[in-house]
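Report on the following structure.
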Amino acid sequence: PICEYKMVKRTSKMGIMGNCGARYGANPRKRAKKLLTSKNSRHLCSFCGKFSFKRKAVGIWKCMSAGCDRTQAGGAYTLSTPNSGTVRSTVRRLRELTTTKQ
């Protein structure tokens, strides 16, 4: 009789960092795993509302939706960085100040 063997799933805990093996230590691997999963996943498009933003290059994100096709600058590993919200609110506040003075 022919035996069929299923391959063992070796990267259940390590996920995308399975190619590192037992090198570099646990905490650096966990940090790198968090960055790589964020980098490779799809993010929410604020223009069309779909989870279709993908990373094209460092800091360049493109919506892969058929009708949207927008390009946006963002972080290296995530679409929006923690500092981007602060910058956005500061720019909005300064813009409101200049419009009220005129």
Side-chain angles (χ1 to χ4, degrees):
I2 299 173
C3 295
E4 290 190 25
Y5 295 105
K6 290 180 91 176
M7 290 191 68
V8 180
K9 189 174 179 184
R10 296 182 299 275
T11 60
S12 60
K13 282 168 67 175
M14 295 179 76
I16 198 166
M17 297 304 293
N19 57 352
C20 288
R23 295 181 292 272
Y24 313 117
N27 285 333
R29 277 200 314 266
K30 285 177 191 172
R31 259 185 266 136
K33 179 182 178 181
K34 185 178 177 185
L35 290 175
L36 286 176
T37 52
S38 175
K39 181 185 90 162
N40 294 333
S41 65
R42 290 176 181 255
H43 294 263
L44 179 67
C45 176
S46 58
F47 303 105
C48 66
K50 296 177 184 173
F51 279 94
S52 54
F53 254 107
K54 286 199 68 151
R55 181 179 185 253
K56 287 289 151 190
V58 179
I60 299 173
W61 297 81
K62 186 170 173 60
C63 183
M64 306 307 273
S65 179
C68 188
D69 203 43
R70 298 268 185 135
T71 305
Q72 181 177 337
Y77 298 105
T78 57
L79 180 60
S80 60
T81 61
N83 289 337
S84 67
T86 309
V87 170
R88 201 177 302 118
S89 64
T90 305
V91 168
R92 187 184 70 239
R93 184 173 44 83
L94 291 172
R95 189 178 296 136
E96 288 172 358
L97 283 173
T98 56
T99 55
T100 54
K101 286 182 180 178
Q102 291 176 354

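Being a predicted model, the structure only gives us computed values, none of them experimental.
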So which heavy atom on [X] is nearest to which on [Y], and how close?
X     : Y     : answer
Ile16 : Lys33 : CG2-CG, 4.2 Å
Phe53 : Leu44 : CD1-O, 3.9 Å
Met17 : Leu36 : SD-CD1, 3.6 Å

Does any non-hydrogen side-chain atom of Met64 lie less than 4.5 Å from one of Lys56? yes
If we only count heavy atoms from C-beta on, is the Cys45 to Ser65 side-chain gap below 4.5 Å? no
If you apply the rule side chain to side chain contact (heavy atoms under 4.5 Å, CB included), what do you find for Gln72 with Phe47, and how did you get there? CA-CA 11 Å; Gln72 181 177 337; Phe47 303 105; 3.8 Å; yes
Does [X] reach the main-chain N or O of [Y] with its side chain, forming a donor-acceptor pair under 3.5 Å?
X     : Y     : answer
Ser84 : Thr81 : yes
Ser38 : Lys34 : no
Arg29 : Arg23 : yes
Arg55 : Tyr77 : no

Mind telling me whether His43 and Trp61 have parallel, tilted or perpendicular rings, with 30° and 60° as the class edges? perpendicular
What do the steps show when you test Ser52 against Cys68 for side chain to side chain contact (heavy atoms under 4.5 Å, CB included), and what is the final call? CA-CA 9 Å; Ser52 54; Cys68 188; 5.9 Å; no
Evaluate whether atom NZ of Lys62 has more than 12 neighbouring non-hydrogen atoms of other residues, nucleotides or ligands under 6.0 angstrom away. yes
